[in-house]
Amino acid sequence: MTWHAWLPVLTLLSSLVPGLVIFALPERSFRTRTTLNLAGASIKLVFVTLIARGLLAGEDFTSVLPLGAGLDLVLHADNLSVLFALLSAVLWFFSTIYAIGYLEGSPNRSRFFGFYSLCVSSTVGVAFAGNLLTFFFFYEALALATYPLVVHRGTAASLDAGRVYLGYTLFGSALLLAGVLWLRSLAGPVPFVPGGSLPATALAHRGDLVWIFLILVAGLGVKAALVPLHGWLPVAMIAPAPVSALLHAVAVVKAGAFGLIRLVNDVFGAGALVAIGVERVLPTVAAVTILWGSVRALGQTRLKRLLAYSTVSQLSYVALGTSLLGVTASVGGLVHLVHQGLMKITLFFCAGNLAETLGIQEIRDMKGVGRRMPLTMIAFTACALGMIGIPPLAGFVSKWYLALGGLETGRPWVIAVLVASTLLNAAYFLPIIYSVWFGTPDRPWRGSSAHPTAGEPAARPWWGETGPLLVWPTVAVALLATGAGLFANAPFSPLAWAKFIVSGGGP
């Protein structure tokens with residue numbers, strides 16, 4: 001194979017090989033494990049950057065592994081896959097640093113980081129999948145690699161959460177496999193082609209295609225947390241904070257949303273969806289999910305569960321933008337794939353900092369914590385405001401394009417959904433923001449030497465609020481999330497790349 005054919009494979013191997021080596025390391029091999037983790041994350045960033053530059057120069061990156069019987073595993077880099085792969089590579093780099101600090105002194109670290117690397121490898125495979133069969137292969141590998149992370153603590157509660165997660169994902173897998181095989185029987189190999197790849201002969205089977213589309217949406221909707229297939233996500237929040245961040249921002253739910261983008265744009269295409277009469281299905285489900293997730297977030301008392309229901313809502317902005325079948329709405333959906341990932345990983349990092357440093361799990365215990373952990377809570381505040389959609393932050397940019405896309409496609413109800421969602425976002429985030437900066441704690445936090453009250457100095461100097469491997473990744477990703485909104489018009493911002501994908505031109 002040529003260098004261009006090898007590059008997607010090498011990008012996948014950059015996390016797979018370190019992960020397999022890490023499994024064999026003894027627990028005391030901290031330095032070797034850390035070196036492998038960070039080297040793999042850094043190399044992956046370099047490889048994805050090289051692919052992105054090559055695509056801008058018109059180069060082709062395709063690798064084909066024949067399996068026999070007319071089946072091929074195809075790795076192919078296009079502009080959409082680079083968007084997802086680059087997001088995964090950047091966030092994996094920071095989440096790896098965070099996880100090293102978070103799990104310091106914990107048991108079974110080699111097992112954890114081995115599966116952590118396999119999870120990211122599977123995500124890269126999903127990003128570079130060139131056809132529906134390859135996508136399914138890596139999509140299921142992702143589910144298997146993530147399960148041990150969900151049950152990592154080994155408690156009864158985490159094992160119960162793992163069973164729920166596995167039950168949902170196996171159900172989604174069965175639906176997805178049925179849809180893939182059924183579609184293949186009608187259309188043959190199903191490559192990902194902008195505008196859709198279904199042959200004209202397949203469109204004659206309208207009834208079959210309707211059912212296939214619905215089955216595939218349901219199969220992907222489990223990981224994308226579409227209502228009513230979202231039940232596993234809040235339950236899985238018992239996992240350690242780095243896993244929660246991975247689930248919500250880098251891997252599982254993002255793979256589901258990414259699969260919906262591929263299904264709508266690169267398998268069926270707008271013309272086929274309109275021809276078979278299913279173009280209203282996904283927008284309706286996405287709108288319901290946006291509102292339902294926000295309503296459920298309002299009633300939560302634990303921070304991570306609130307963030308989980310926020311993900312249920314926010315991730316469906318991606319599905320909504322894609323399914324409206326318009327240029328501007330598609331840009332909004334694609335850019336929110338990145339914006340939501342940056343903001344949500346920051347919020348979960350913050351939740352992990354609070355739990356690890358002060359033992360804070362409940363929202364009521366966050367009163368005044370901004371004076372104790374200012375860097376963490378500045379990052380939390382910036383990204384929570386971004387989630388609400390305060391201009392000019394990243395969430396506002398996404399919602400603006402979605403609203404314009406709704407008008408462009410003759411669906412003004414999209415604006416009502418976005419306004420309602422924004423008000424609900426504000427209703428559950430703003431009281432927390434007020435409380436952390438202006439509230440008075442009701443009780444001492446874990447590790448505090450005195451009861452902290454308004455006006456008192458923090459128990460530690462502000463620059464030592466938590467471990468550096470926890471606070472600096474949090475701050476760094478918060479800056480990326482903030483910059484994505486403030487510099488949305490920069491030549492290589494997430495918004496510019498989303499426009500590049502949709503238009504087929506340059507940023």
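Looking at heavy atoms from C-beta onward, E59 lies out of side-chain contact with R53 at the 4.5 angstrom threshold. Residues P189 and N131 form no side-chain contact, since every pair of their non-hydrogen atoms from C-beta on lies 4.5 Å or further apart. Annotation: side chain of I360 is in contact with side chain of V369 (closest heavy-atom distance under 4.5 Å). Counting only heavy atoms from C-beta outward, the side chains of S313 and W292 never approach each other to under 4.5 Å. Residues F93 and N37 are not in side-chain contact: their nearest non-hydrogen atoms beyond the backbone lie 4.5 Å or more apart. Within the 4.5 Å cutoff, side-chain heavy atoms of S95 are placed close to those of I345. Side chains of V180 and F135 form no contact here, defined as non-hydrogen atoms less than 4.5 Å apart.
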(request) Kindly indicate, with the supporting measurements, whether the criterion side-chain contact (heavy atoms from CB on, under 4.5 Å) is fulfilled by L375 and W472. (result) CA-CA 9 Å; L375 289 178; W472 294 120; 4.2 Å; yes
(request) Could you walk me through whether T155 and S158 pass the side-chain hydrogen bond (donor to acceptor under 3.5 Å, both in side chains) test, one step at a time? (result) CA-CA 5 Å; T155 62; S158 65; 3.1 Å; yes
(message) Set out, in order, the CA-CA distance, both residues' side-chain angles and the distance that settles side-chain hydrogen bond (donor to acceptor under 3.5 Å, both in side chains) for Y147 and T169, then state yes or no.
(response) CA-CA 10 Å; Y147 171 77; T169 54; over 6 Å; no
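To the nearest 0.5 Å, atoms CD1 (I100) and CG (L470) are separated by 11.0 Å. In this structure, F136 CZ and L176 CG are separated by 5.5 Å, a value rounded to the nearest 0.5 Å. From S173, atom OG reaches atom CD of E140 across 3.0 Å, with rounding to the nearest 0.5 Å. Between T311 atom OG1 and H230 atom NE2 the span is 12.0 Å, to the nearest 0.5 Å. For the atom pair OH of Y139 and CZ of F258, the computed distance is 12.0 Å after rounding to the nearest 0.5 Å.
Residues satisfying the ring-ring contact (aromatic ring centres under 6.0 Å, His included) test with F23, not counting sequence neighbours, are F115. Listed by chain and residue number, R296, R305, L306, Y309 satisfy the side chain to side chain contact (heavy atoms under 4.5 Å, CB included) test with Q300 (two or more places apart in sequence, or in another chain). For the ring-ring contact (aromatic ring centres under 6.0 Å, His included) test, no residue two or more places apart in sequence or in another chain qualifies with H339. Remark: F128 engages no residue in a ring-ring contact (aromatic ring centres under 6.0 Å, His included) (not counting sequence neighbours).
Between the side chain of Q314 and the backbone N or O of M387 there is at least one donor-acceptor pair closer than 3.5 Å. With hydrogens and angles ignored, the 3.5 Å screen pairs no side-chain donor or acceptor of T376 with any backbone N or O of M373. Remark: side-chain polar atoms of R371 are paired, donor with acceptor, to backbone N or O of W437 under 3.5 angstrom. Of the possible donor and acceptor atoms, none in the side chain of T96 sits under 3.5 Å from a partner among the backbone N and O of L38. Listed for the S493 side chain is a donor-acceptor partner under 3.5 Å among the backbone atoms of A496.
Residue F61 comes nearest to L55 through the heavy atom pair CE1-N, 3.9 Å, listed as atom of the first residue, atom of the second, then distance. Taking all atoms of both residues into account, the shortest heavy-atom contact from P18 to G40 is CG-CA, 4.2 Å. Residues V126 and A255 share a closest heavy-atom pair of CG1-CB, 4.3 Å. When all heavy atoms are compared, the tightest approach of V74 to T134 is N-OG1, 2.8 Å. Considering all non-hydrogen atoms of both residues, L149 and C119 come closest at CD1-CB, 4.3 Å. A pairwise comparison of heavy atoms in A481 and L342 identifies CB-CB, 3.8 Å as the closest pair.
Side-chain N/O atoms of D160 and Y165 include no donor and acceptor closer than 3.5 Å. Remark: the S15 side chain and the S121 side chain contain an N/O donor-acceptor pair separated by less than 3.5 Å. Checked by atom type, the side-chain pair T466/N353 shows no donor-acceptor distance below 3.5 Å. Of the N and O atoms on the side chains of S81 and D78, at least one donor lies less than 3.5 Å from an acceptor on the other residue. Residues W92 and T123 have side chains that never bring a donor and an acceptor to within less than 3.5 angstrom of each other. Donor-acceptor pairing under 3.5 Å is lacking for the side chains of S14 and T11.
Exactly one of L226, V318, T322 qualifies for a side chain to side chain contact (heavy atoms under 4.5 Å, CB included) with L260. That residue is L226. L354 pairs with exactly one of R372, K304, M377 by the side chain to side chain contact (heavy atoms under 4.5 Å, CB included) rule, that one being M377.
A cation-pi contact, defined as under 6.0 Å to the ring centre and within 45° of the axis, is absent between K254 and F84.
Applying the salt bridge (charged side-chain N to carboxylate O under 4.0 Å, His left out) definition to pairs two or more places apart or across chains, none involves residues 120-134. Among residue pairs with one or both ends in residues 355-369, those qualifying as salt bridge (charged side-chain N to carboxylate O under 4.0 Å, His left out) are R302-E362, E362-R364, D365-R443, K367-D442; sequence neighbours excluded.
The aromatic ring centroids of Y98 and F94 lie 6.0 Å or more from each other.
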